[in-house]
Novice: 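I am attaching a structure below and will ask some questions about it afterwards.
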Protein chains: 2
Amino acid sequence: MSEGGGPTTIKAFEERLLEVAERLPKRLRQCAEYVAANKDRIAVSTVAEMAEGAGVQPSAFMRFCQIMGFSGFSEMQKLFRESFVGGWPDYTTRLQHLREKAEGSPSALLAEFVEAGRTSLENLFKTIEPQSLEQAVQVLADAQMIHIIGLRRSFPVASYMAYAFEKMDVPAMLHSTVGRLDNRNAIRSGDVLLAITFSPYSAETIELVEAAQARGIQVVALTDTIVSPLRKYEAITLSVSEVDFGAFRSLSATLCLAIALSVAVGTRRSL
Amino acid sequence: MSEGGGPTTIKAFEERLLEVAERLPKRLRQCAEYVAANKDRIAVSTVAEMAEGAGVQPSAFMRFCQIMGFSGFSEMQKLFRESFVGGWPDYTTRLQHLREKAEGSPSALLAEFVEAGRTSLENLFKTIEPQSLEQAVQVLADAQMIHIIGLRRSFPVASYMAYAFEKMDVPAMLHSTVGRLDNRNAIRSGDVLLAITFSPYSAETIELVEAAQARGIQVVALTDTIVSPLRKYEAITLSVSEVDFGAFRSLSATLCLAIALSVAVGTRRSL
DNA sequence: CTCGATTTGGAATATATTTTCTATTCTGCT
DNA sequence: AGCAGAATAGAAAATATATTCCAAATCGAG
């Protein structure tokens, strides 16, 4: 029985559930009710668990799935699992293919990056914890001066934040390694260090963080994932995970977070 | 080996991950990194899927689970499934909720920027003409050397492209105004100028474009809308219209285009 | 360069889970 | 009450998934 006709979106699923629920025999109705009240569990449970929760036999639950239009429980579960992860079917490999074939027209490449950017943004929203963000904003707003460091791939982000702060009259200083000048003595008590670094993490940035910490300077870190070496230090960490293409990532999500952070700090200061 | 000693909370899990990540061989580190960036998937994926995502064999992923202190993948998964209960991060609903309810909080601000970024990306794809893009890629790929200029708000984009080109062994030079040095004589016949500018357009950039054109240098421009002053010159123009929120724009779309352009040039060159 | 130790990939095995099948129990009707 | 039809429970078969094992490859020290 290869019914392709099952609901393909959560919304459609809910509609079908409603439509069907009325005309269901006892046990199957139990299933319907349990499912309606526990949609989120479908993704992470086995039929046995769902059946037990609904107070029925696994086989009954099975029939329920079929009545809903799926070939079985697995297919129904797939719907929920996919909608949970936001369905980004591993970009890394997709982009790699594109590169290998090199047949990708520039537009196709752009399309991939646009798509990657969009999912990264969605993901950003899921992974940033509001309280960390709030904390970061507070610390930066209270700073005498904000020192920004971000090298290589992170430099665009650092420079954009410096620009934004400047525009909002927030005292900020962009540390760079132009001419191998080392400005670390500019950091004074009451200041805050905003460190931005992504794999591969630049040693200079990490060193600066270490030096700052040793002197009791607060550190706010913008980094990728939690394996970042910055995690070792007691910094307020905001982590962004961005899809990348070999050594490149579009930075969409990172910049988005950066600008939101800047503006939040700017507005809070001027209160 | 029935170690009951695995992490029992997500926090403990993250700590252990950090602790362990450093001293891990290649494949296992891939696992650690993938897991760090996709914690949410553990609950709804199979080992096979996780392994593929991390780019390793299932058995390697298995060993990773054991190193993390679990008896196997299932036990690790259990941790995530249990802590999964309720409130999954459905993007759309969460966004709406935040916008309405948490007005003024940093998270709400972030939500606005994320939304702005997403629509910008969508627009980007509509407004970029494939042939202009193609042309730009070709011209840049044929260049002896690419000179990049972008100041103020455009500087992050310029610097990122410089970084990307550098990584791909494409001869490129970032023109900046550090120390008021003027490098315009570095531009030689056969080179191409890549100018990036957005309203308010910096005079320096426009001047440089003018000077280049006068000497017969090809110019590729990245700008906003079609009213940009760069339009006057015979440049290949790629225009991005970025949705902005307040006085700032997240640059998501611009950077996306920038990176796509860079990678396209990089791959075409190496053919 | 060689040896020993560690790490890896892939197939083989064990386990868990889904799905189907059938005897049995309900339900509604005459 | 007795019958026909649908619904159900439970067990058995099929499938998918996790886990282990071992030979081959890789790495590092001497």
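Every chain is numbered from 1, with letters handed out A, B, ... down the list of sequences.
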Novice: Looking at A:Gln218, is its backbone amide N or carbonyl O close enough to the side chain of A:Gln213 to form a donor-acceptor pair, meaning the two atoms are under 3.5 Å apart?
Specialist: no
Novice: Using 30° and 60° as the class limits, which term best fits the ring planes of B:Phe70 and B:Phe13: parallel, tilted or perpendicular?
Specialist: tilted
Novice: Taking C-beta and beyond as the side chain, do A:Leu238 and A:Thr223 meet within less than 4.5 Å on heavy atoms?
Specialist: no
Novice: Using atom CZ of B:Arg29 as one end and atom P of C:dT8 as the other, report the distance to the nearest whole Å.
Specialist: 11 Å
Novice: Do A:Ile187 and A:Leu208 have side chains that get closer than 4.5 Å, going by heavy atoms?
Specialist: yes
Novice: Send over the distance from A:Glu52 CD to D:dA9 C1', rounded to a whole Å.
Specialist: 15 Å
Novice: With no angle test and no hydrogens, is the base of D:dA18 tied to the side chain of B:Ser74 by a donor-acceptor pair under 3.5 Å?
Specialist: no
Novice: Give a yes/no on whether any side-chain N or O of B:Arg63 is located under 4.0 angstrom from OP1 or OP2 of C:dT7.
Specialist: no
Novice: Please state whether the phosphate of C:dG9, meaning OP1 or OP2, lies under 4.0 angstrom from any side-chain nitrogen or oxygen of B:Arg27.
Specialist: yes
Novice: Between A:Ala60 and B:Met62, just flag the one whose closest nucleotide in DNA chain D comes earlier from the 5' side.
Specialist: A:Ala60
Novice: Atom CD of B:Glu75 to atom P of D:dT19: distance rounded to whole Å?
Specialist: 9 Å
Novice: Quick check on DNA chain C: between B:Pro58 and B:Arg23, whose nearest nucleotide comes earlier from the 5' end?
Specialist: B:Arg23
Novice: For the pair made of CD1 in A:Ile42 and C1' in C:dT18, what is the distance, rounded to whole Å?
Specialist: 16 Å
Novice: With heavy-atom distances below 4.5 Å as the criterion, would you say the side chains of A:Thr205 and A:Ile196 are in contact?
Specialist: no
Novice: Once you round it to whole Å, what is the distance between C1' of C:dA16 and CD of B:Gln77?
Specialist: 12 Å
Novice: Roughly, in whole Å, what's the span from CG in A:Leu28 to C1' in C:dC26?
Specialist: 14 Å
Novice: Quick check for you: among C:dT7, D:dT8, D:dG10, whose closest atom lies nearest to any side-chain atom of A:Gln57?
Specialist: D:dG10
Novice: Take atom CE of B:Met50 and atom C1' of D:dT17, then tell me their distance rounded to the nearest Å.
Specialist: 15 Å
Novice: How close or far is atom P of C:dT6 from atom CZ of B:Phe64, stated in whole angstroms?
Specialist: 21 Å
Novice: What nucleotide, of C:dT20, C:dT18, C:dT8, holds the atom closest to the side chain of A:Gln66?
Specialist: C:dT20
Novice: Which part of the nucleic acid does A:Ser59 contact within heavy-atom distance under 4.0 Å: base, sugar-phosphate only, or nothing?
Specialist: base
Novice: Which nucleotide in the set D:dA18, C:dT8, D:dT8 lies at the smallest distance from any side-chain heavy atom of A:Lys26?
Specialist: D:dT8
